Amino acid sequence: MISQQDNIYAHAADQIADFQFDQRVAGVFNDMIRRSVPGYAQIINTIGDFASDFVTPNSNVYDLGSSLGSATLSIRRQIEGRECQIYAIDNSLSMIERCTENLSAYVSDIKVNLLCADIRDIDIENASMVVLNFTLQFLPKSDRDSLIKRICDGMLPGGLLVISEKLYFEDEQIHGLLDKQHLNFKRANGYSELEISQKRSALENVMRPDSLTVHKQRLTDNGFSHFSVWFQCFNFASMVAIK
Ligand SMILES: C[S@@+](CC[C@H](N)C(=O)[O-])C[C@H]1O[C@@H](n2cnc3c(N)ncnc32)[C@H](O)[C@@H]1O
Ligand SMILES: O=C(O)C(=O)C[C@]1(C(=O)O)C=C[C@@H](O)C=C1
């Protein structure tokens, strides 16, 4: 996957605009997410392994907020020959355009329907697996319950939802401790103090993490029978919920 190095926040700006998944971000996103999210590569690989176990013949798979298609590609590799379709959905046209290129770089017999749409507007049906990989945190909090309910309603019994998110911790001391380690992770990956603080300001009004307690409650209240965190590094986690 071709990606330029992320230096979007490297120069001091008079005003920091709200973070957007625009053309500039799409062009560096592969580099940005790998250097910003601890465990991202492991999460992407494991999503493929989960698909191998959960995706059933003649069912649909949904990658909601698919960005450049990393999760879709990981899933697709594992389900060749299963007569399934993947729906990869993102409301950023720049992401969709780059994702189209990334998907066409590999040959596959699995159809990927790549749609530029809001994930709150699409029908979810006959799904054996749904992925929300660092996407739910960008939706207004008031829209999260109804989306999770619609996902669950559109899933087959025994279907798997994978949901990865940055976490907020109710315990202030724990929140501070893990946030500090995340900042160290970014520094170790070459981000300067200026880049870190300018990106933090840009994300402030746009990305609103929930706590693990809230995630678990939302998933169980809206129809999922089983829940676990399967991965956590600092304040980033990936969870599984089974219908
Ligand atoms: C952090 S990125 C997701 C990363 C991606 N899932 C991966 O594994 O590489 C969040 C994505 O969600 C998309 N997004 C945010 N809100 C959305 C919405 N309401 N409908 C569709 N896509 C949305 C953004 O455009 C962005 O590409
Ligand atoms: O907290 C941060 O610094 C992040 O950059 C996190 C995060 C995310 O969790 O999605 C935010 C925006 C970008 O999409 C990449 C990573």
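Heavy-atom basis, side chains included; hydrogens, waters and symmetry copies ignored. Order of listing sets the numbers, starting from 1, for every ligand and every atom in it. No experiment lies behind these values; they were computed from the predicted model shown.
Counting heavy atoms closer than 4.0 Å to ligand 2, residue V37 contributes side-chain atoms (C-beta onward) but none from N, CA, C or O. The proximity of A117 to ligand 1, defined as any non-hydrogen pair under 4.0 Å, is limited to the backbone. Using a 4.0 Å cut-off between heavy atoms, E165 makes no contact with ligand 2 at all. Using a 4.0 Å cut-off between heavy atoms, L68 makes no contact with ligand 1 at all.
A salt bridge is absent between R24 and D22: the closest approach of a Lys/Arg side-chain nitrogen to an acidic carboxylate oxygen does not fall below 4.0 angstrom. Here D31 pairs with R35 in a salt bridge; the nearest charged N to carboxylate O distance falls below 4.0 Å. With salt bridges taken as basic N to acidic carboxylate O contacts below 4.0 Å, none links D6 and K199.
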- [ ] Begin from the C-alpha positions of H215 and L167 and carry the test side chain to side chain contact (heavy atoms under 4.5 Å, CB included) through to its verdict.
- [x] CA-CA 9 Å; H215 281 297; L167 295 176; 4.0 Å; yes
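When only non-hydrogen protein atoms are considered, atom 1 (C) of ligand 1 lies nearest to F134 O, 3.1 Å. Here the protein heavy atom with the shortest distance to atom 9 (O) of ligand 1 is Y40 OH, 2.5 Å. From the protein, the heavy atom lying nearest to atom 25 (O) of ligand 1 is D90 OD1, 2.6 Å. The nearest heavy-atom contact from the protein to atom 2 (C) of ligand 2 is K186 NZ, 3.5 Å. Nearest protein heavy-atom neighbour of atom 14 (O) of ligand 2: F29 CE1, 3.3 Å. Atom 11 (C) of ligand 1 has as its closest protein heavy atom S67 OG, 3.5 Å. When hydrogens are left out, the protein atom nearest atom 8 (O) of ligand 1 is N133 ND2, 2.8 Å; that is the closest non-hydrogen contact. The closest protein non-hydrogen atom to atom 8 (C) of ligand 2 is Q137 NE2, 3.4 Å. Considering only non-hydrogen protein atoms, atom 15 (C) of ligand 2 sits nearest to K199 NZ, 3.7 Å.
Geometrically, ligand 2 and H182 share no nitrogen or oxygen pair separated by less than 3.5 Å. Taking distance alone, with nitrogen or oxygen atoms compared against 3.5 Å, G65 approaches ligand 1 more closely than that limit. The N/O atoms of I119, backbone and side chain alike, include one that comes under 3.5 Å of an N/O atom in ligand 1. Ligand 1 has a nitrogen or oxygen under 3.5 angstrom from a nitrogen or oxygen of D118. At least one N/O-N/O distance between N91 and ligand 1 falls below 3.5 Å.
The F138 neighbourhood of ligand 1 comprises atoms 1 (C), with distances under 4.0 Å to a heavy atom of that residue. Proximity to F21 (heavy-atom distance under 4.0 Å) selects the following atoms of ligand 2: 14 (O). Interface of M95 with ligand 1, defined as ligand atoms under 4.0 Å from a residue heavy atom, comprises 27 (O). Under a 4.0 Å criterion applied to the non-hydrogen atoms of S92, ligand 1 contributes the atoms 25 (O). Residue K166 approaches ligand 2 through these ligand atoms, each under 4.0 Å from one of its heavy atoms: 1 (O), 2 (C).
When atom types are taken as modelled, the side chain of N7 and the backbone of A10 share no donor-acceptor pair closer than 3.5 angstrom. At least one donor-acceptor pair closer than 3.5 Å links the side chain of S74 to the backbone N or O of I44. With hydrogens and angles disregarded, no donor-acceptor distance shorter than 3.5 Å links the side chain of R98 to the backbone of G69. Judged by distance alone, the side chain of N126 and the main-chain N or O of N58 form a donor-acceptor pair under 3.5 Å.
More than 12 heavy atoms of other residues, nucleotides or ligands lie within 6.0 Å of NZ in K141, so this atom counts as buried by the packing criterion. Summarising the local packing, CD of E172 is surrounded by 12 or fewer heavy atoms from other residues, nucleotides or ligands at distances under 6.0 Å. Shown here is Q23, whose CD atom has no more than 12 heavy atoms of other residues, nucleotides or ligands within 6.0 Å.
At least one heavy atom of I44 sits closer than 4.0 Å to an atom of ligand 1. Ligand 2 lies nowhere less than 4.0 angstrom from a heavy atom belonging to R200.
W230 and F50 have perpendicular rings, their planes meeting at more than 60° on a 0 to 90° scale where under 30° would count as parallel. Taking the six-membered ring where tryptophan is involved, the planes of F21 and F19 are perpendicular, since the angle between them exceeds 60° and thus also 30°.
Screening V240, I148, I242, L64 for a side-chain contact (heavy atoms from CB on, under 4.5 Å) with L161, the sole residue that qualifies is I148. With D210 as reference, R218 is the one residue of K216, R218, Q137 to meet the side-chain hydrogen bond (donor to acceptor under 3.5 Å, both in side chains) rule.
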